[in-house]
Undergrad: 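Following this message is one structure expressed as structure tokens.
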Amino acid sequence: MSSAKDRQPYRRFAMRVLLVDDDMDILKVLSLGLASNGSFTVETASSAIQGLEKIAHADRPFDLFLLDIQMPKMTGVELCRRIRSLPDYRYAPIIMVTAMSDKKHVVDAFAAGATDYVNKPVDFDDLRLRIKHALQSSARVEQLDTTSQNMTKAVALSDAITIDDVDGVLKVHSFENYLTHLGRLKFRATKLQILTVTNIASIYERCTSQEFIDEVTDIAECISDALCDHAPMITYFGRGIFGIATHGHYVDSIVIVSDNIRRQILETGLVFRDGSPVQVEFDVIGIGRKTFLSPHTQVAFVDRMIGELKTAAQSDEPLFQ
């Protein structure tokens, strides 16, 4: 498996970018725009199938992917899912660059593993900034995961653990991009909830790093299963704090949501390595819809909320007072 150093050798080489789009004019425009400052070496593919072939025969891994969505035979969303399933590209930034702006495509893209979502026509200053943030975020996540695999107690209580193989669970950076994009597109049938595992410290103390990652993953899966009717998007900020975005004009009350999650946790039967049951105590709060009066206020709120949750994950103070 390649490392972040293998995939991002930008001190000696330009970063390798694979653009996949069935519109040749778009490929030319994006290639010229990215290659103009010398930071990127760009390769192109005119279909998802050709993109997979280029990935399979690459002499070293790509650092970044920019994918269109609407393409014949295989969509960019399916291509994103396949790329993300490859061990070399578990952390690689994948940015969708597309004219598709409806909510279904946005939800499907992030669920497939997209890091960010950019609508055409492309603003190159904005795209370069998105790429910079995506690369930095991916490198931090990979560093955390690599450290946790190499040390017995490397994972801190405050770490934003990467959760794999659970439907709808995103990395924090992708979750932030997802909510921000929904804000720009005026999607108001989205409800935000914050779930905090109030006894997370006692669970952490009884686990090795890998066991704690497994427990957090199991809790995330219980949340996902309990809210499956509302297509939840979930992230983990650290210190027992989960962000949850649910969809639909009818969304259950906080009491019903909490009861469903609690029932799912009990049915799953989480246990420690000695076989004793894991008691998961949690609180859920909802974010009022009045926050989302306009795209501008929603984007600003998302930025502030994510910042506050990241800070809370690093603090000893409880999120719920």
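Residue numbers count from 1 along this sequence.
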Undergrad: Using 4.0 Å as the upper bound for N to carboxylate O, is an ion pair formed by D59 and R16?
TA: yes

Undergrad: Applying the 4.5 Å side-chain criterion to the ILVMFWY set and letting contacts propagate, would V29 and L32 be lumped into a single cluster?
TA: no

Undergrad: Does V255 belong to the same Ile/Leu/Val/Met/Phe/Trp/Tyr cluster as I244, with side-chain heavy atoms less than 4.5 Å apart forming each link?
TA: no

Undergrad: Run Y89 and F65 through ring-ring contact (aromatic ring centres under 6.0 Å, His included) and show every step you take.
TA: CA-CA 10 Å; Y89 299 109; F65 297 91; 5.0 Å; yes

Undergrad: If the plane angle is over 60° it's perpendicular, under 30° parallel, otherwise tilted; pick one for F110 and Y117.
TA: parallel

Undergrad: Is it possible for you to say whether F124 and I95 belong to one hydrophobic cluster, with membership spreading through side-chain heavy-atom contacts below 4.5 Å?
TA: yes

Undergrad: Salt bridge or not between R263 and E267? Use side-chain N to carboxylate O under 4.0 Å.
TA: no

Undergrad: Got a salt bridge between D21 and K120, using NZ or NE/NH1/NH2 to carboxylate O under 4.0 Å?
TA: yes

Undergrad: With heavy-atom distances below 4.5 Å as the criterion, would you say the side chains of L192 and L179 are in contact?
TA: yes

Undergrad: Side chains of D214 and Q210: any donor to acceptor distance under 3.5 Å?
TA: yes

Undergrad: Report yes if the side chains of L170 and Y178 come closer than 4.5 Å at any heavy-atom pair, otherwise no.
TA: yes

Undergrad: If you group Ile, Leu, Val, Met, Phe, Trp and Tyr by side-chain heavy-atom gaps below 4.5 Å, do L266 and V284 land in one group?
TA: no

